[in-house]
Each structure stands twice: as structure tokens, then as C-alpha cells.
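Below, all heavy atoms of this structure are taken into account, side chains as well, without hydrogens, waters or symmetry copies.
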Amino acid sequence: MEIRIEAARGEDRFSMSHGSFRYRRKTGRKRRLSIEEAGLLVERLRAVEGEQSTESVGAVDLEEALKDGGTGLFRISMKGLSDRGFNRYFITLPTAAKHFYGCGETYSALDLAGEKVRIWVAEHQNSRRIGKKLIRQKLTGVHPDHVGKFSEYESYFAMPVFVTDAKEFVYVKTDRFAVFDFSVSGQVTVETEEAPYIILGRGETYRELSELLSSLLGRPPVLPDWANEGAILAVQEGPERIEEKLAAAEKAGAKVVGVWSQDWCGCRRTGFGYQVMWNWEYDRELYHDLPDYIAKWWERGIRFLGYINPFIALEKDLYREAHARGYCVKNAKGEDYQVTITTFPAAMVDFTNPAAYAWYKNLIKQNMIGIGMGGWMADFGEYLPTDCVLFSGEDPAVMHNRWPSIWAKLNREAVEESGKLGEVFFFTRAGFTGTVKDSLLMWTGDQHVDWSVDDGLPSVIPATLSLAMSGYPIAHSDVGGYTTVMDMTRSKELLQRWEEMNTFSPLFRFHEGNQPSRNVQFDGDEELLRSLALASNRHAALAPYLRVAQAEAARAGTPVMRPLFYEYPDGDFWGEATEYLLGRDLLVAPVLREGAVSRTVRLPDDAWLHLWTGREYSGGSHEIAAPIGLPPVFVRKGADMFTELMEIGNI
């Protein structure tokens with residue numbers, strides 16, 4: 001099958017509400033273009049930097065063109081499409097692949113075969129799907145596994161990248177809206193709004209493929225050593241409450257390395273819950289003497305972490321300063337563009353204004369790093385409206401997907417310019433291609449405090465693994481989830497099962513949720529405190545192993561959490577989204593169903609030792625007992641750190 005190239009004229013009319021978009025797109029009649037008209041050229045890339053190409057390897061049939069090329073990087077360009085008056089391009093590529101992964105962060109499906117995926121950064125948990133889920137739950141009393149069609153889903157982290165079971169990746173270099181169509185067997189159709197520019201990579205193994213892809217996208221550095229060595233507890237409402245909860249955790253024997261307080265800059269109470277006041281300086285009433293407390297906690301080996309996002313609260317002094325200096329994104333009338341987030345409006349800082357960019361970065365350097373913070377959540381990045389006016393004059397429809405990358409870059413520069421890289425870190429939820437090299441760590445966003453496949457506890461695994469296959473190698477989730485609406489609240493069992501899973505992840509960090517008083521917390525009773533102590537000490541014991549995995553991610557782009565097929569492509573694990581490998585040698589199969597005390601685990605063809613009993617298992621399906629506190633975890637026999645890993649089973 002030849003490459004099929006079509007072009008057309010079209011129009012977009014997007015409107016945004018609470019970070020979710022309504023997509024109105026019109027496309028005129030498509031015109032089929034010949035290879036010659038399109039000016040198709042396939043070239044091998046010998047050097048990634050600058051994408052220096054060498055020889056042409058063919059252009060008529062992609063499979064034939066690449067057949068003798070073997071592994072490596074290839075560029076597919078279509079120089080004849082420029083200046084032809086088109087703004088819709090449909091490139092259909094032939095493929096022998098049956099399974100497709102990536103496109104950023106996908107939550108309820110790992111294998112994208114049969115799906116259409118839009119490449120557009122947005123809120124994942126939009127109100128339309130939450131409402132459908134809760135109405136159905138109220139009527140039936142049953143949690144639905146899925147709500148809505150996959151093609152309707154939106155993602156915080158969208159990427160024009162996919163990987164196949166043929167150990168190939170396709171990276172489309174575009175910032176604009178795009179659609180990847182995997183619904184027809186034997187082909188993939190990529191729709192773009194600018195002349196397509198594609199880089200294809202081939203590897204002998206997925207490790208080689210990750211190295212090739214990360215050579216294009218970049219690689220995050222390793223986390224600070226302290227971040228691996230215990231729990232980061234979520235505590236709000238001031239230093240006295242932090243001290244109280246720290247005392248309870250330490251008395252129970254928990255290993256605590258950090259306290260994360262979203263409301264360090266104040267709070268607002270809304271119909272949605274207890275929310276942060278977006279004024280990026282510490283609240284002198286709620287967090288009196290915060291720098292002194294941070295210094296004292298640091299002496300005890302406990303870092304203080306905060307929160308920031310690209311918005312500013314309209315009620316506070318920082319907004320008045322930004323408004324006076326003209327630092328905010330504008331609407332068509334020249335007024336500060338106000339975006340409603342949950343129940344309140346906020347202004348956005350215009351990062352295309354160099355003075356505004358420097359001002360905001362300096363807020364982080366002075367008001368966060370400057371008072372001793374060890375890290376923070378760099379939230380949001382998805383909300384740039386397509387009808388706003390930017391200082392640079394650039395098209396917001398083009399800048400929209402770039403915005404989270406710019407946000408990550410600003411935070412990264414604040415850390416580096418303060419000389420704190422390797423000591424201080426931040427984590428982001430929104431992303432695009434540029435985010436990979438600048439964000440230090442992702443988290444999978446605002447999961448519901450429930451067991452649902454599309455938004456709850458089980459959704460963390462496909463989200464993390466799809467990021468891994470998109471080129472982003474290190475991510476984690478909020479222990480316990482975040483979103484409570486209506487009757488949905490976090491149970492004790494859910495919190496404990498989430499603790500078990502995140503024990504075996506790159507970062508062990510809690511969240512109180514948007515309605516803390518309605519949700520079970522880590523110190524809810526003595527049993528929960530014992531669970532915290534057990535999980536935090538196990539995570540601390542994993543630190544040497546995690547450092548090795550993170551170093552590999554920083555060096556070669558190898559994901560820390562990876563799908564089973566990544567290391568075992570000859571097994572039938574193409575759709576497995578309930579288990580994962582942590583590094584090369586740990587297989588983790590979390591309990592994802594309410595009330596379950598065992599689960600079926602599918603092991604690859606290898607020798608595996610059950611972490612808690614030492615019993616050896618071979619490949620195949622096994623029913624494994626999984627009481628609370630003992631999730632199914634297996635160590636590969638012959639692992640480099642086999643003895644150290646098996647010792648965790650004695651904690």
C-alpha cells in the first residue's frame with residue numbers, strides 16, 4: 001500500500017468551558033494528491049541535533065522505502081504541500097502493526113487500536129462526563145466502568161506521538177490540533193492543520209526505541225535523593241496542624257520525607273470544596289512564620305512542598321500588580337481575559353511577554369525557593385483559550401498546545417537559576433512535546449476517589465504507561481485520588497489500596513482531596529497509621545532500586561514504570577493495563593476492585609518470586625491472594641538487586 005495524501009480547506013470554531021472544549025470543525029472536499037504533487041521525501045537522519053539528514057531512501061511506497069533502512073530515524077516530509085492554500089492534511093501510512101500506544105496520556109485504554117485520538121491539551125475530567133457517571137451511579141447504585149466514547153475523551157497531556165507493536169514510533173512535528181485515526185486495520189491516518197512533517201523511528205527493542213524517541217524529545221533529570229526515601233504527606237490549614245499530623249505519623253513509625261501543603265498561599269471555600277487562593281506568597285495568617293517552620297522541618301529531614309499554577313486570583317495584590325503592568329492574557333476588547341476554573345474566575349499570565357515571564361519566574365525563585373521549599377506542584381497549563389490575544393501576536397490556536405511546555409520550562413529555569421537542580425523538584429500534570437525535557441516529574445491528574453476504570457484508581461496505570469510509550473519516562477499519582485463530587489467519597493479501603501500501588505511507584509505522595517473533611521485521610525485511625533508506616537518504609541527501602549531506574553530514564557529515556565510488553569514482546573500482553581513493571585525486575589499487579597482479597601496475575605515467561613512468600617512462579621496466569629497490605633508483587637529471579645528487593649518482603 002502506498003502512502004495516501006489528501007488535502008482540503010477547513011475551519012475550526014473551538015469554545016472552552018472549565019478547561020474542556022467544544023469542537024466545531026468543518027472540512028471541505030478532500031483532494032487526493034500524488035506523491036509528486038506532495039513532494040514526498042523520505043530521508044535517513046544520522047544526527048538528531050539539528051535533524052541533519054543524509055541520503056534519500058525512497059518515496060514511492062513507505063514499506064519499500066524503509067525495508068532496507070533497518071533501524072534508526074527517518075524523516076518524511078512533503079515540501080510540495082506548502083503555499084497551496086490548504087489547511088487540512090490527511091496522511092494515511094501503511095502499517096503491519098496491530099497495536100498502538102501513546103498519544104500522550106490515555107486513561108481507560110492503553111492499546112489505541114480501533115480508536116480515534118485527538119491531539120489537543122485539555123482538562124481530562126470535564127463536567128459532562130462526571131455528571132453522566134454520577135447520574136448513572138445514582139440510578140443504578142453501580143460504578144460504571146466507562147462513560148462516553150473514547151473519541152470524546154480529553155487529556156491533560158496530549159502528544160503527536162505513537163508507538164506500535166512493530167517497535168516503531170511516529171512523531172508528527174506539529175503544535176496545532178491533530179487527529180490520529182487507528183480505526184482501520186493495516187493503516188494509520190494522521191490529520192494535521194499544517195503541512196505534515198513526520199519522524200519515524202525503528203528499533204530492535206523497545207529500549208532502543210525509547211532512546212531514539214527521547215533523543216528527539218529530551219529526558220528529565222533524576223529526582224533528588226530525598227524524594228525516594230519515604231512518604232510526602234498532604235496536610236493543609238497551617239503549621240500547627242502539620243505538626244500534629246507529623247507527630248502522629250512519626251509515632252506510628254512512618255518514614256516521612258516531606259509535607260505538601262497546597263494552601264501555603266491561602267485558601268478559598270467554594271461549592272467545589274477547599275481550594276487554593278492563587279496568590280503566590282505565603283499567607284501570613286494561615287501560615288505565620290512559615291520560613292522558620294520550613295527551616296526547622298528541614299533540620300528533621302522533612303521538606304516542605306507547595307503549589308503554583310499559571311493563574312492569579314483577582315482578589316489579591318499580585319493580580320493588581322500584573323494588571324497594572326499589562327502582564328495578563330487579553331480578550332478581543334483588550335481586557336484581561338478571565339477564565340472560570342471551578343466556581344471562580346482568574347486571570348492568566350501572558351508567558352509570551354518576556355517581562356511577564358521573568359516576573360512570574362522570579363515569584364517562584366523568591367517566594368517559593370527563597371523561603372526554603374523543597375518542591376511544588378506546578379498545576380494546570382491546559383486552559384489557554386483559542387480566542388484570546390497574546391502579547392507576541394501569535395495565534396492562540398497554535399500556542400494552546402505549547403502552553404504547558406512553556407509553563408514547565410519556566411519552572412525548570414527557576415530551579416536551575418537558583419542552583420537547586422538535584423535538591424528541589426516540581427511536578428506537572430499538563431503536557432505537550434516540549435514538556436518532556438523540562439518537567440521533572442508528571443502526575444496523572446485529578447482522579448476520582450473511586451474504583452472506576454476511566455477516572456478512578458484503575459485509570460492511573462494506563463495513564464502512566466501511555467505516557468511512558470509517548471516518551472515521558474517518570475510519573476506518579478495522588479495517593480487516594482482527588483475529586484469528590486456529590487456522594488462520591490474516599491473509603492478507607494480505597495486509600496489503603498492506593499497506598500499499596502504507589503509504594504511501588506517513583507513517588508509516594510498523598511492528597512487530601514478537594515473536600516478533605518468528607519474523605520478518609522492517612523491518620524483516620526490507628527490501622528491507617530500502621531498502613532502508612534508499612535507503605536512508607538517499604539517505599540524507602542526501594543530507594544536504591546528507584547535511583548537506578550531513574551538514572552536509566554535520565555540517560556536513555558527508559559520509562560521507570562513500563563508495560564509488560566516492553567520487556568516481553570513475545571508474550572500476549574498488548575492490552576494489559578492492570579499490571580506494570582517497575583524498572584526491569586519488579587512486576588506489580590495492584591488490587592483494583594473494591595472488596596477483592598485476591599486477583600488473577602498474568603506473569604511473563606520468566607522465573608518470578610512472590611515478594612511476600614518467596615514462592616517461585618513461572619509464566620502464565622495465577623490466582624494470588626492479596627489481603628490489604630500484601631498486593632501482588634513479584635521479583636524477577638536473577639535481578640541485579642534481587643537480595644535487596646526480596647528483603648522488602650520482610651518489612
Side-chain angles (χ1 to χ4, degrees), residues 1-8 27 30-38 40-44 57-78 81 88-104 106 109-119 149-151 153 159-174 178-192 196-206 209 212-213 462 466 469-470 563 565-566 569-577:
M1 172 185 173
E2 291 185 357
I3 298 177
R4 187 171 73 247
I5 305 167
E6 297 169 295
T27 300
K30 297 178 185 177
R31 177 185 168 188
R32 178 77 181 267
L33 300 175
S34 69
I35 295 293
E36 291 73 23
E37 285 179 298
L40 181 106
L41 184 64
V42 180
E43 302 166 285
R44 176 185 286 276
V57 295
V60 177
D61 184 295
L62 184 63
E63 289 184 338
E64 287 299 320
L66 301 178
K67 183 180 293 182
D68 298 325
T71 61
L73 293 169
F74 303 86
R75 176 169 60 194
I76 304 170
S77 58
M78 301 174 203
L81 295 184
R88 293 280 193 278
Y89 304 91
F90 303 83
I91 313 303
T92 300
L93 303 173
T95 180
K98 304 295 184 184
H99 305 282
F100 306 89
Y101 308 91
C103 294
T106 56
L110 178 61
D111 186 354
L112 301 175
E115 305 286 359
K116 285 186 179 181
V117 184
R118 70 165 68 92
I119 309 301
K149 299 177 181 178
F150 187 90
S151 59
Y153 279 32
M159 286 272 282
V161 174
F162 66 86
V163 172
T164 79
D165 58 336
K167 301 185 185 68
E168 295 176 338
F169 71 73
V170 171
Y171 168 31
V172 181
K173 297 196 71 174
T174 183
V179 178
F180 286 7
D181 185 351
F182 306 103
S183 62
V184 179
S185 178
Q187 67 180 50
V188 176
T189 298
V190 174
E191 177 188 348
T192 64
Y197 185 101
I198 298 169
I199 296 179
L200 184 144
R202 275 186 167 177
E204 295 288 347
T205 65
Y206 282 108
L209 206 62
L212 286 170
L213 182 55
S466 60
M469 300 314 292
S470 301
F565 68 75
Y566 190 94
D570 294 330
D572 185 20
F573 297 108
W574 302 112
E576 179 54 67

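- Side-chain contact between Tyr206 and Val163 is present, with heavy atoms from C-beta onward closer than 4.5 Å.
- Put simply, OG1 on Thr27 and CZ on Phe90 are 5.0 Å apart, with the number rounded to the nearest 0.5 Å.
- Here the closest non-hydrogen pair linking Leu212 and Gly72 is CD1-O, 4.0 Å.
- Nearest heavy-atom pair across Ala7 and Tyr89 is CB-CD2, 4.1 Å.
- Between Cys103 and Val161, every side-chain heavy-atom pair lies at or beyond the 4.5 Å cut-off.
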Residues Trp574, Tyr101; criterion side-chain contact (heavy atoms from CB on, under 4.5 Å); working and verdict: CA-CA 9 Å; Trp574 302 112; Tyr101 308 91; 3.2 Å; yes
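- Side chains of Glu204 and Lys167 form no contact here, defined as non-hydrogen atoms less than 4.5 Å apart.
- The backbone N or O of Tyr197 sits nowhere less than 3.5 Å from a side-chain atom of Ser77 that would complete a donor-acceptor pair.
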side-chain contact (heavy atoms from CB on, under 4.5 Å) assessment of Lys173 paired with Ile199: CA-CA 8 Å; Lys173 297 196 71 174; Ile199 296 179; 4.0 Å; yes
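- Minimum heavy-atom separation, Ala178 to Thr174: CB-CG2, 4.5 Å.
- In this structure, Met78 CE and Leu41 CG are separated by 10.0 Å, a value rounded to the nearest 0.5 Å.
- Considering all non-hydrogen atoms of both residues, Leu110 and Ala577 come closest at CB-CB, 4.0 Å.
- Contacts of Phe182 classified as ring-ring contact (aromatic ring centres under 6.0 Å, His included), with partners at least two apart in sequence or in another chain: Phe100, Phe162.
- In this structure, the separation between CD1 on Ile119 and CD on Glu191 is 11.0 Å, given to the nearest 0.5 Å.
- The closest donor-acceptor contact from the side chain of Tyr171 to the backbone of Met159 lies at 3.5 Å or more, if one exists at all.
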Intermediate values then yes/no, side-chain contact (heavy atoms from CB on, under 4.5 Å), Leu81 and Leu33: CA-CA 9 Å; Leu81 295 184; Leu33 300 175; 3.2 Å; yes
Derivation and outcome, side-chain contact (heavy atoms from CB on, under 4.5 Å), residues Thr106 and Leu112: CA-CA 9 Å; Thr106 56; Leu112 301 175; 4.1 Å; yes
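- Results of the side-chain contact (heavy atoms from CB on, under 4.5 Å) test with Glu6 over Lys30, Arg88, Arg31 single out Lys30 as the only residue that passes.
- To the nearest 0.5 angstrom, Ile35 atom CD1 is 4.0 Å from Ile5 atom CD1.
- In terms of heavy atoms, Gly201 sits closest to Leu209 at O-CD1, 3.6 Å.
- The structure places CZ of Arg4 at 10.0 Å from CD1 of Ile91, a figure rounded to the nearest 0.5 Å.
- Note that the OG1 atom of Thr164 and the NZ atom of Lys98 stand 11.5 Å from one another [nearest 0.5 Å].
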